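Everything quoted here is computed from the prediction, not taken from an experiment.
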Amino acid sequence: MKKNIIAGFAAILLLASCNKDKEILNTLSNYNNSMEAKGYHFGDKLELPKEVTENAESVTISFGDKETTNLVVDPKFFTLGDNAVTFNIKTKGGEVLNQDATINVFAKTPEKNISYQIIAEYPHDPKNFVQGFQIEGNTIYESDGQNGSSQILKYTLGTTTPLASTKQAPEDFSEGSTIVGDKVYQLTWQSKKGYIYDKSSLKLLSEFAYPNLFGEGWGLTYDGKNLIASDGSKLLYFLDPANPSKLIKYIAVAGSSQAYDQLNELEYHNGFVYANVWQKPIILKINPATGEVVGTFDFTDIAKQNTKGSDDVLNGIAFKGDNMLVTGKNWPKIYEVQVK
């Protein structure tokens with residue numbers, strides 16, 4: 001009889017312990033869900049509920065191969081945008097509880113809405129599926145996509161007749177491109193390699209493999225020191241132009257209330273990276289030192305005039321002096337806008 005009573009008490013204690021563990025995890029889950037949309041800023045402390053802290057001997061956060069006991073949003077540990085983490089709680093009862101969560105980190109300063117005025121329009125070949133777009137002098141250098149019709153070409157602004165062009169292999173889907181000195185660098189989408197051309201003739205000089213961390217090829221620009229590339233994620237990758245297979249660093253991109261991914265065509269101008277977001281009529285102005293979006297351009301009105309389906313979207317940024325040139329995939333026009 002005595003053994004039965006002891007066993008009963010043990011069962012009750014075990015059930016109570018299990019219920020307490022569930023309460024801790026449910027409370028933590030509710031807290032994380034409420035904070036996911038609101039987000040954090042660098043320097044913020046994670047104010048975990050008392051139900052968690054008062055019953056925990058220790059709390060750690062693991063993120064990939066990193067782990068910390070510091071419940072502060074530290075840029076050494078977190079990136080801008082979404083961070084997939086795991087909370088590890090050792091309870092005072094000796095149990096170890098784990099819960100996955102997403103911690104969103106946003107920029108502290110709200111991004112500005114940047115206004116502009118259209119001051120000129122130029123013809124653009126609507127057959128060109130624009131992936132990379134830049135201007136030097138009065139010459140447009142353009143990388144066009146699609147398997148079987150990908151190419152790199154150049155033409156004089158105001159015309160659509162190529163001055164020079166080079167076709168890609170049928171299996172290549174050309175993506176972003178940029179000018180570095182007397183060369184043009186070009187990415188491919190899923191071929192895991194890029195090409196380098198002579199700027200004058202567009203003759204192919206060499207090719208390079210992507211760094212392992214870099215997935216697909218999307219956008220490409222040059223800041224005077226490094227190539228800056230996008231792969232459709234929230235990240236911008238800095239590559240060595242002397243050896244584009246070498247990754248220098250990467251940063252994540254976010255605004256004050258949302259993370260941005262699918263960063264596509266890129267352009268560097270006067271200390272900032274400009275990026276269009278695939279299938280959205282906006283262009284972001286990004287601080288390349290931090291990844292914070294400091295401003296946005298809304299090109300909805302222009303996009304509506306040129307977008308009939310899901311493919312012919314805004315995709316093309318270049319700077320003609322301090323004016324911006326914008327175009328899109330299969331668009332018949334290039335627009336020159338004066339930034340206000």
Side-chain angles (χ1 to χ4, degrees), residues 122-135 139-157 159-180 183-211 214-221 227 229-233 237 239 244-245 261-267 275-281 303 306-318 325-334:
Y122 307 95
H124 179 258
D125 191 336
K127 295 191 298 294
N128 292 356
F129 195 77
V130 180
Q131 299 292 92
F133 188 74
Q134 50 275 308
I135 188 170
T139 303
I140 296 286
Y141 293 79
E142 186 174 299
S143 174
D144 297 327
Q146 299 289 30
N147 295 110
S149 57
S150 287
Q151 63 177 338
I152 187 84
L153 73 157
K154 66 178 186 178
Y155 53 90
T156 302
L157 180 64
T159 75
T160 59
T161 303
L163 300 170
S165 65
T166 297
K167 300 286 186 181
Q168 267 73 68
E171 65 270 17
D172 284 338
F173 192 117
S174 294
E175 287 281 348
S177 60
T178 194
I179 298 168
V180 180
K183 298 179 177 65
V184 179
Y185 290 64
Q186 180 192 43
L187 301 179
T188 59
W189 181 27
Q190 295 179 322
S191 298
K192 301 290 287 185
K193 63 182 177 181
Y195 296 115
I196 302 175
Y197 304 89
D198 173 74
K199 185 177 69 176
S200 177
S201 64
L202 294 186
K203 178 183 177 181
L204 179 63
L205 301 176
S206 60
E207 63 181 62
F208 57 91
Y210 293 164
F214 186 49
E216 299 177 343
W218 284 46
L220 188 68
T221 190
L227 296 168
S230 62
D231 65 351
S233 69
Y237 301 84
L239 311 178
S245 299
D261 61 2
Q262 295 193 314
L263 303 175
N264 205 356
E265 216 272 317
L266 306 176
E267 185 73 16
N276 94 279
V277 180
W278 185 55
Q279 290 195 326
K280 292 187 177 180
N306 296 276
T307 303
K308 311 302 180 188
S310 59
D311 291 334
D312 52 349
V313 294
L314 175 74
N315 198 73
I317 312 165
L325 298 179
V326 295
T327 189
K329 303 175 190 294
N330 303 129
W331 283 18
K333 291 182 180 180
I334 297 169

**Q** If only atom types and distance count, is the side chain of Lys333 paired as donor or acceptor with the main-chain N or O of Pro123 below 3.5 Å?
**A** no
**Q** On a heavy-atom basis, which atom in Asp144 and which in Asn128 lie closest, and how many Å separate them?
**A** OD2-CG, 3.2 Å
**Q** Between Trp218 and Trp278, how do the two ring planes meet: parallel, tilted or perpendicular, split at 30° and 60°?
**A** perpendicular
**Q** Is NZ or CZ of Lys154 both nearer than 6.0 Å to the six-membered ring centre of Tyr141 and within 45° of the ring axis?
**A** no
**Q** If the test is side-chain contact (heavy atoms from CB on, under 4.5 Å), which one of Leu202, Leu153, Ile140, Thr156 qualifies with Pro162?
**A** Leu153
**Q** Side chain of Asn276, backbone of Asn315: donor and acceptor closer than 3.5 Å?
**A** no
**Q** Taking the side chain as every heavy atom from C-beta outward, state whether Thr161 and Tyr155 have any pair of such atoms under 4.5 Å apart.
**A** no
**Q** Give a yes or no on whether the backbone of Thr166 and the side-chain of Gln151 come within a donor-acceptor separation of less than 3.5 Å.
**A** no
**Q** Do Leu220 and Glu175 touch side chain to side chain, with heavy atoms closer than 4.5 Å?
**A** no
**Q** Is Lys127 atom NZ crowded by more than 12 heavy atoms from other residues, nucleotides or ligands, each under 6.0 Å away?
**A** no
**Q** Any chance the side chains of Tyr210 and Asp231 put a donor and an acceptor closer than 3.5 Å?
**A** no
**Q** Does some side-chain heavy atom of Phe208 sit less than 4.5 Å from a side-chain heavy atom of Leu187?
**A** yes
**Q** May I ask you to check whether Gln186 and Ser174 show a side-chain donor-acceptor distance below 3.5 Å?
**A** yes
**Q** Which pair of heavy atoms, one from Tyr122 and one from Leu325, lies closest together, and at what distance?
**A** CE1-CD2, 4.2 Å
**Q** Is any side-chain heavy atom of Trp189 less than 4.5 Å from a side-chain heavy atom of Gln131?
**A** no
**Q** Should we say atom NZ of Lys280 is surrounded by more than 12 heavy atoms from elsewhere, each under 6.0 Å from it?
**A** no
